[in-house]
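Heads up: numbering here begins at 1 and tracks the sequence. Values reported hereafter were calculated over all heavy atoms of this structure, with side chains retained and with hydrogens, waters and symmetry mates removed.
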Amino acid sequence: MKRLLCLVFLAILASMATASEWAFQWVDKHSSIGYSSLVLDSSGNPHISYFDSTNYDLKYAAWNGASWVIETVDSTGDVGRYTSLALDSYGSPSISYIGNIH
């Protein structure tokens, strides 16, 4: 899981960096990010679906060019593991995940 998280951060860094500089940004300072999925939109902005292992919720974060916009997609019990994210031709997200693990 740590390797996947590192890959997500590296992909974000690569997408937000210019040819001569790198930048690091926290996506969600209030959560421990577990399972995650990353895609880039047609403008090269990163979108991430992820399992918030602090609150056991499924979250979605999108870079709007200036800041991260984060929303809780599902908070009904222990949900959001093994998430997979795709964007349609309009940039709208579709997320699959496992819900309510007991």
Pair Ser43-Asn45, side-chain hydrogen bond (donor to acceptor under 3.5 Å, both in side chains): steps then yes or no: CA-CA 6 Å; Ser43 298; Asn45 293 321; 4.7 Å; no
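- Shortest non-hydrogen contact noted between Pro46 and Leu40 is CA-CD2, 3.6 Å.
- Two residues are said to be in side-chain contact when any heavy atoms from C-beta on lie closer than 4.5 Å; Val27 and Ile48 meet this criterion.
- Taking the side chain as every heavy atom from C-beta outward, Val79 and Tyr97 approach each other to under 4.5 Å.
- Tyr56 is listed as a side-chain neighbour of Arg81, based on a closest heavy-atom distance under 4.5 Å.
- For the atom pair CG (Leu58) and CG (Asp52), the distance works out to 9.5 Å, reported to the nearest 0.5 Å.
- The nearest pair of heavy atoms linking Asp57 to Asn55 is OD1-O, 3.2 Å.
- Residues Ser49 and Ser84 approach most closely at OG-C, 4.1 Å, considering heavy atoms.
- Residues Tyr60 and His47 are in side-chain contact: their nearest non-hydrogen atoms beyond the backbone lie under 4.5 Å apart.
- Residues Tyr35 and Ile98 fall within the same hydrophobic cluster, defined by Ile, Leu, Val, Met, Phe, Trp and Tyr side chains chained together at heavy-atom separations under 4.5 Å.
- Residues Asp28 and Tyr50 meet the side-chain proximity criterion, which asks for heavy atoms closer than 4.5 Å.
- Side-chain contact between Thr83 and Ile95: present, with at least one pair of heavy atoms (C-beta onward) separated by less than 4.5 Å.
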